[in-house]
J.: 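The structure follows.
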Amino acid sequence: MDIEKLEALAGKAAEPLSKETGKIQVVSHFDADGICAGSIAYHTLKLLGKNFDIEFIKQLEEDELKRISVIEADLFLFTDLGSGQLDNIRKYIPDKIIVIADHHELQGDSWDNLYHLNCHMAGLDGKDEISGAGVTYFLMKHMTDKVSSMIYLALVGAAGDVQKKDGVFKSVNNHLLEEALKLDAITIKKGLRLFGRSTRPLHRVLRYANEIDLPFADDESKCIQFLSNLGIPMKNGNNDWITLSDLTGEQEKKLATAIILNSDVTSNKNNIVGNIFIIPTKYEIREFATMLNSCGRMGKSIEGLKLCLGMTDNIETIQKAYKRKIATYLNLVKKDSTMIRKTEYVSYIVAKDRIEDNFIGTILSILSNSYFDSKICFAFANSSNGVKVSSRAHKSMDGKINLKEIVGMAVEVTGGEGGGHSLASGAKIPAGTEELFISEVEKHIIEQMQDTRTE
Ligand code: C5P
Ligand code: ZN
């Protein structure tokens, strides 16, 4: 793990930011990691009294860059994006100082005005060793030590980008975790590792938990009965549904034992009791990442930024609307089989106008984990300037398939632009080119799968 190298690069990239007295434009990604990265940058620049604006965008496509290039600023800071679009940044913003803090793979060449901080440049893999928020944290640490109060956001970002596997952070993320524990910016407690610790009613946590195999979990009333048999109340003194975070240690232990005793013993789902990471606002880390993600997808990234800064006004309304949309889209895919196509290795969703482009990646992530048997999935949805493509591969495909490469090759044929990681990649392609894209993907998937068989 080459943290010193990352630190040294961070020092260089921080120089123009520290010196800048003119206007700084921060551009960050609109997902949980990008909102955390943007919030770390916002907090630091504010502390230092810099003159800046911030915006969150879906993707740094050519059209977006054209728009951004006319913003009046002396320095552009890109966080959780930018490394994959070097040539276009140089093309559209050649004369301004550019600072990038990112963990996506590099594409394109460097130039004089570019101050680039990317973990890959220090030999660190941006897929699971550090997030965009983590890289931004290293950059901002060189501007002021006071940013350490935001260190937990580097880990929320990592959790948002699915870098916490089976409850464990590795490499730089683990180093950041140790730092955060020392600073009391994160607390760890042993508990039930079920999703929705403080945002879902407890019976619904059981009802929707992927992590466990309760034989009756599909039946909400049986989940309620199960809790009541354990003597766990359903509502608190204010008549609100009780959540997992409301339980006493004893109650949580009792519940954990009952879940283990009642679960399908043949299932390999285990480790349901483990470390729970709690941030200063009392949320569990993954659940906080989901809240930020919902803000971004609902077009309310600034509300996500506020949440990171400790203001929580609108979050419930946003989350409710977000959950409703997700549920509607999931039902739609399950009911309308005309959207789905399956080949030997891949499941495809061709949604056209039926799913919003902001949601297609999230819907694909959920379905690829819980609905499709295929280990590789692709989805397409119309967007304002073409077709949004998302792709996901199961973690067991790590090292066997590279979706970023496959998407890149398909984009060369259809036109458009893409990027991402080996197990999660995306693109924007011209309207109506889905079929051509699919046939290219099929060709390359078959090649890569055959290569792994003959190895
Ligand atoms: O949008 P989605 O969640 O499917 O994106 C998966 C990955 O692909 C992300 O890392 C994203 O930044 C990347 N991506 C990209 N270019 C696009 C769309 C997605 O680099 N046009
Ligand atoms: Zn990221």
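Just follow the structure's listing: the first ligand is 1, and inside any ligand the first atom is 1. Predicted, not measured: the structure shown is a model, and the values here were computed from it. Just so you know, these numbers use all the heavy atoms, side chains as well, and skip hydrogens, waters and symmetry mates.
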J.: May I ask you to identify the nearest protein heavy atom to atom 3 (O) of ligand 1, giving residue, atom name and distance to one decimal place in Å?
T.: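 Ranking protein heavy atoms by distance from atom 3 (O) of ligand 1, first comes R392 NH2, 2.8 Å.
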J.: Is the distance from the ring center of F56 to that of F30 below 6.0 Å?
T.: no
J.: Quick check: does H29 put an N/O/S atom under 2.8 Å from the Zn ion (ligand 2)?
T.: no
J.: Where on S390 is there a heavy atom closer than 4.0 Å to ligand 1, on the side chain, on the backbone, on both, or on neither?
T.: both
J.: Which residue supplies the protein heavy atom nearest to atom 8 (O) of ligand 1, what is that atom called, and how far is it?
T.: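 Ranked first by proximity to atom 8 (O) of ligand 1 is G426 N, 3.0 Å.
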J.: Using a 4.0 Å cut-off to any heavy atom of K428, which atoms of ligand 1 qualify?
T.: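 Ligand 1 atoms under the 4.0 Å threshold to K428: 21 (N).
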J.: Is it the side chain (CB and beyond), the backbone, both or neither of E417 that lies under 4.0 Å from ligand 1, heavy atoms counted?
T.: backbone
J.: Which ligand 1 atoms, with their elements, are less than 4.0 angstrom from a heavy-atom of H421?
T.: 10 (O)
J.: If you look at D80, which of its N/O/S atoms is nearest to the Zn ion (ligand 2)?
T.: OD1
J.: Report the nearest protein non-hydrogen atom to atom 10 (O) of ligand 1: residue, atom name, distance rounded to 0.1 Å.
T.: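 Going atom by atom, the protein heavy atom closest to atom 10 (O) of ligand 1 ends up being H104 NE2, 3.1 Å.
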J.: May I ask you to check whether Y137 and Y152 place their ring centres under 6.0 Å from each other?
T.: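 Centroid distance Y152-Y137: not below 6.0 Å, so no.
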J.: Where is the tightest heavy-atom contact between Q25 and E55, given as atom of each residue plus distance?
T.: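 Scanning both residues, the minimum pair turns out to be NE2-CG, 3.8 Å.
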J.: Would a line drawn from the ring center of F195 to the ring center of Y208 be shorter than 6.0 Å?
T.: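 Centroid separation for F195 and Y208: 6.0 Å or greater.
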J.: Determine which of the N, O or S atoms in D161 is closest to the Zn ion (ligand 2) and give its atom name.
T.: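 Looking only at N, O and S atoms of D161, the one nearest the Zn ion (ligand 2) is named OD2.
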J.: Can you tell me if G84 contacts ligand 1 (heavy atom of the residue under 4.0 Å from the ligand)?
T.: no
J.: Taking the six-membered ring for Trp, are H103 and H421 parallel (under 30°), tilted (30 to 60°) or perpendicular (over 60°)?
T.: tilted
J.: Taking the side chain as every heavy atom from C-beta outward, state whether I272 and R193 have any pair of such atoms under 4.5 Å apart.
T.: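 A side-chain contact is absent here, since even the closest heavy-atom pair is not under 4.5 Å.
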J.: Indicate the ring-plane relationship of F380 and Y348, choosing parallel, tilted or perpendicular according to the 30° and 60° boundaries.
T.: parallel
J.: Please name the pair of heavy atoms, one in G38 and one in S28, separated by the smallest distance, quoted to 0.1 Å.
T.: N-OG, 3.7 Å
J.: In the protein, which heavy atom is nearest to atom 16 (N) of ligand 1, and how far is it?
T.: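 It is Q59 NE2, 3.4 Å.
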J.: Output yes when K352 and E434 qualify as a salt bridge under the 4.0 Å nitrogen-oxygen rule, no when they do not.
T.: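 Counted as a salt bridge, because a side-chain N and a carboxylate O are separated by less than 4.0 Å.
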J.: Among all the protein's non-hydrogen atoms, which is closest to atom 7 (C) of ligand 1, and how far away is it?
T.: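 Nearest protein contact, heavy atoms only, for atom 7 (C) of ligand 1 is A424 O, 3.5 Å.
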J.: Could you tell me which non-hydrogen atom of G132 sits nearest to which non-hydrogen atom of D80, and how far apart they are?
T.: CA-OD1, 3.7 Å
J.: How is the N/O/S atom of D33 that comes nearest to the Zn ion (ligand 2) named?
T.: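 Result for D33 and the Zn ion (ligand 2): OD2.
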J.: May I ask you to decide whether E64 forms a salt bridge with K58, counting only side-chain N to carboxylate O separations under 4.0 Å?
T.: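 Not counted as a salt bridge, because no side-chain N and carboxylate O are separated by less than 4.0 Å.
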J.: Is the shortest distance from a heavy atom of K404 to ligand 1 less than 4.0 Å?
T.: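 Outside the 4.0 Å threshold, so no.
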J.: Tell me which protein heavy atom sits closest to atom 1 (O) of ligand 1, plus the residue, atom name and distance to 0.1 Å.
T.: K388 NZ, 2.7 Å
J.: Provide the number and element of each atom of ligand 1 under 4.0 Å from a heavy atom of G419.
T.: 8 (O), 13 (C), 14 (N), 15 (C), 16 (N), 20 (O)
